[in-house]
Amino acid sequence: MAEYTTDELMIVNAARQLGALAAAGKRQCFVGIGLPSTAANLARRLYPIEPVLIYESGCIDSKPTRLPLSIGDGELAETSDAVVSVPEIFAYWLQAGRIDIGFLSGAQLDKFANINSTVIGSYESPKTRLPGAGGAPEIAASAGSVMVIMRQSARAFVDRCDFRTSIGYGDGKGDRERFGLRGGGPKWVITDLAVMEPDPDTCELIVVALHPGITREQVVAATGWHLRFAHDVPTTAEPTEIELDTLRALQAA
Amino acid sequence: MAEYTTDELMIVNAARQLGALAAAGKRQCFVGIGLPSTAANLARRLYPIEPVLIYESGCIDSKPTRLPLSIGDGELAETSDAVVSVPEIFAYWLQAGRIDIGFLSGAQLDKFANINSTVIGSYESPKTRLPGAGGAPEIAASAGSVMVIMRQSARAFVDRCDFRTSIGYGDGKGDRERFGLRGGGPKWVITDLAVMEPDPDTCELIVVALHPGITREQVVAATGWHLRFAHDVPTTAEPTEIELDTLRALQAA
Amino acid sequence: MIVTLQEAVAEHVHDGDTLALEGFTHLIPHAAAHEIIRQGRRNLHLVRMTPDIAYDQLIGSGCVTRLTFSWGGNPGVGSLQRFRDAVESQWPHPLEIEEHSHAGMATRYAAGAAGLPFGILRGYIGTDLPKYTSTIKTVECPFTGEVLAAVPAINPDVGIIHAQRADRAGNVQIWGLLGVQKEAVLASQRSIVTVEEIVDELPEVPGAVVLPSWVVTAVCHVAGGAHPSFAMGFSTRDNAFYKAWDSISKDRDAFIAWIDKHVKGTADFAEYCESVGI
Amino acid sequence: MIVTLQEAVAEHVHDGDTLALEGFTHLIPHAAAHEIIRQGRRNLHLVRMTPDIAYDQLIGSGCVTRLTFSWGGNPGVGSLQRFRDAVESQWPHPLEIEEHSHAGMATRYAAGAAGLPFGILRGYIGTDLPKYTSTIKTVECPFTGEVLAAVPAINPDVGIIHAQRADRAGNVQIWGLLGVQKEAVLASQRSIVTVEEIVDELPEVPGAVVLPSWVVTAVCHVAGGAHPSFAMGFSTRDNAFYKAWDSISKDRDAFIAWIDKHVKGTADFAEYCESVGI
């Protein structure tokens, strides 16, 4: 059996989810740079029905031959079906509800899948000033569904975010509806330890799968809220040779 | 001396005004099809500093080699510096105040230079249904100044328009300011008989020049309100051979 | 995805639908309008900035009960006779109209494409339009207190346009004067695009925009389908036809005879072209 | 119209101005930022969706007292160290921030370009941003009653961008990722455009937009002036420099030494390039 890192495990699992969504007709994926872009590009290479990658820099159906370092790499524009302005990508494409899956990451995630990418500590006197919102607030609001990919730790997976940069389920079930949000919110949180999904009754994130070799105790220790588990918690499939080879070739290019 | 028609007289005088405005740095001209387009294209050919022609079909700095029949002739797009969408031409270019001169015509004009291109008779049971507003309401509102070119008759030059499609000075001096309009409003009305301008005290149109061979009585008879004249009413210069030859070549092409 | 125009209209255009067959002089989807007449659709609400001959034909053929527009004329020629007859004399039946300015219509399509319920503009001020058009309201700027015009989004049931090209996957390429066609497609629930040609791969063209296949419902190969309008790179505007339309359409009987012979009497756009000798 | 960058900055950029040096990863006007540092402008209000290295340099050099933005990071690398130091430790002096989302900033620029006082979007809902940013308000749709976010127009004193080409009349051509650069220029009172080359005539390029000379205040020929960003068709992104910036900027003294040597210690962008060895 192949050796792999927990990062690889996380990326491969996210790519699998994107592949399954694409096969089900949910193809349009609004992608941030970093882990989301890596997983989305891996999915494009692994599955016959590819996700359609849309970047906030205005690239529609981008098919990069190598991983972009930034959201605005020339590679993204050159391999896109269409390149539009930034006002247009947010108004005519994201806001209009043309995106099936918003794919996000962040510095903090809380139990209702709200994300913080703004500050650690208080807003006025932050301990750490993070880059800020970017496209996340409206991706989280308007995409059909949201997938989150984040390395799990008790510092990052918190009971309540220091700052709510983008909304998951707010303070719990019913908040999205009260806010009149058109998108469905976070459906999958893929970490380097586990896969979480919102509990249908409360919208609190619960563990629905563990990665191979990961114990419940490890996940609990890496979570800042009182973590619950689904009734059945299967183990995710080991990454295959093809998955790992494809991912490594992508990252080496 | 050359023979000419009153239409030619009207078009030549409008072109002269555009030429003078361009020389004074007021070059950007938003042009409707028909008489305005003919006069603007004549001015482009006659003067060293050319008006910059902008058409509502999205053509910016169009330099057609022949007169377009419609606002969307291929010729306009092919000879433009830039072609933008219709939402953009109205929002980023007209509304933003980038147009020096809006160049309009219409079916009725009243003494405060309001224009009707919607209906003759009542709106609900029109005697004649005209094409409607098109770009006129916002051209009249937002262009730095407005020039009107129209054949003069008592039926067309009325005390009050049956329908106010685009605003001149409303019900008189001060209305534009009360409405908060950013553009300066109609400054010149060029007809086949005369040139009119708003009286600085009342904003009512008064005759400031007569075309060669036209009498005050003829203009009064062709006007549906109690027409007044400026203190000095010079006669406009006869069209020159160059002006007429250029206009006729343009119309023949 | 790639179907005949007959199939596209049969499947996607229903009685009572709100349709936007857009085109700003360039790329007007005439062939699609003819097919809608052939298939006898009724009670349509037509939307367009510049209703011209295609809409005159639909109105005169009795397909239309409501028109939302900003300029209804025969560009460079004069009036639309069938439109006038419907408004002035309710022939062939009454036509309800909702009248805006170009800037307002463009704002409405852009709002529709952007998934917003309304759009704002500096518009309509001092005109009589707000007296007769209930879809012109105002909104106050929460920062400056300025009052601006507000108009509701347009979201047609079907957006129909003509474009230069599509590839076999249904990605559409369009260039030259773009009008509000992109907005009309993006604002609509469904969309039909007739194209001059279908190619394996879309070559790059300066000034072109691409509509991805996943925002287009049906693509139909109808070469020349904009006639008497034109497709830049493929044809020129048939100005003579626009002028001729004035006399064809002036008389009700002449109009009916023309529609019966050239539109209802033909099976498709190819037969129409043969029939009118183009 | 066509002047040196030194002249353009000297004439058009003043202490206390609101500046937007825009660029969305592509075409970032680094050379112009350097020239502003060289000329020692102070109390600037910088606006940008994605402040990156150029803004980090301006902030660290003490030119900036206020920043309006939506994402301030080193793309693909991590934090902006000088930006963080200013916000977290008020070095070299306090930095007031006004924070939005990308969608909100894009809406603000578009409103500015369109001469509207504000723009509307479905945005910010359920986030903490409205608690801290006073320029996020709401407006009610007069047709549906829906409540939408409203943000004020951005109208900088000076909009500064880098583009691929200009002709000798000052018409500017730009292609590839266009970001909000067109809006930034159109929304600004004055504008400066640095370009890769100045040509007799602009050749047609797929996907290109043209800014007419009459909406541009100054055009400056600065080949490579986007470095370490890039100009599609002329250069590629210098990803190594972005990574290297992280360590240069982490330490205040190292940052000062770098700015003193490569920016303040050089007369213009050509000398800068020689100094940093590109």
Side-chain angles (χ1 to χ4, degrees), chain A residues 21-31 44 48-56 58-63 74 76-102 135 137-144 179-184, chain C residues 1 22 106-121 153-156 159 163-175 178 180-191 193 199-217 219:
Chain A
L21 286 163
K26 302 293 185 191
R27 296 183 63 202
Q28 281 68 42
C29 186
F30 205 96
V31 184
R44 272 196 55 241
I49 298 178
E50 299 178 9
V52 173
L53 273 50
I54 295 153
Y55 288 85
E56 64 192 15
C59 297
I60 297 174
D61 205 353
S62 207
K63 305 164 202 73
L76 290 178
E78 284 155 18
T79 62
S80 290
D81 274 358
V83 177
V84 302
S85 73
V86 167
E88 181 178 325
I89 199 80
F90 281 102
Y92 284 5
W93 300 85
L94 177 62
Q95 180 174 265
R98 283 176 238 284
I99 305 299
D100 294 321
I101 305 144
E138 287 76 24
I139 296 171
S142 291
F179 286 131
L181 297 170
R182 299 189 151 194
Chain C
M1 171 96 226
E22 268 297 346
T107 301
R108 298 185 65 186
Y109 274 119
L116 289 170
F118 74 108
I120 55 175
L121 71 154
I154 291 176
N155 290 106
Q164 280 97 342
R165 280 196 194 112
D167 65 19
R168 296 191 197 286
N171 297 298
V172 170
Q173 190 182 43
I174 173 168
W175 68 88
L178 300 173
V180 288
Q181 282 101 302
K182 180 174 181 172
E183 285 77 11
V185 166
L186 293 180
S188 296
Q189 304 301 315
R190 308 181 289 282
S191 59
V193 183
V199 297
D200 289 330
E201 191 153 351
L202 298 174
E204 290 202 322
V205 175
V209 303
V210 170
L211 291 169
S213 59
W214 47 278
V215 298
V216 175
T217 314
V219 168

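These figures come from a predicted structure and were not determined experimentally. In what follows, chains carry the letters A, B, and so on, assigned in the order in which the sequence lines appear, proteins first and then strands, with residues in each chain numbered from 1.
With sequence neighbours left out, the salt bridge (Lys or Arg N to Asp or Glu O under 4.0 Å) criterion links A/D61 to A/K63.
Only the side chain of A/V52 has a heavy atom closer than 4.5 Å to any heavy atom of chain C. In this structure, no portion of C/A208 lies under 4.5 Å from any heavy atom of chain A. Heavy atoms of A/R27 lying under 4.5 Å from chain C are absent altogether. Within the 4.5 angstrom heavy-atom criterion, only side-chain atoms of C/V215, from C-beta onward, approach chain A.
Of the residues listed (A/I60, A/D100, A/D81), the one engaging C/W214 in a side-chain contact (heavy atoms from CB on, under 4.5 Å) is A/I60, and it is the only one.
Among the residues in residues 90-98 of chain A, those with a non-hydrogen atom closer than 4.5 angstrom to a non-hydrogen atom of chain C are A/A91, A/Y92, A/W93, A/Q95, A/A96, A/R98.
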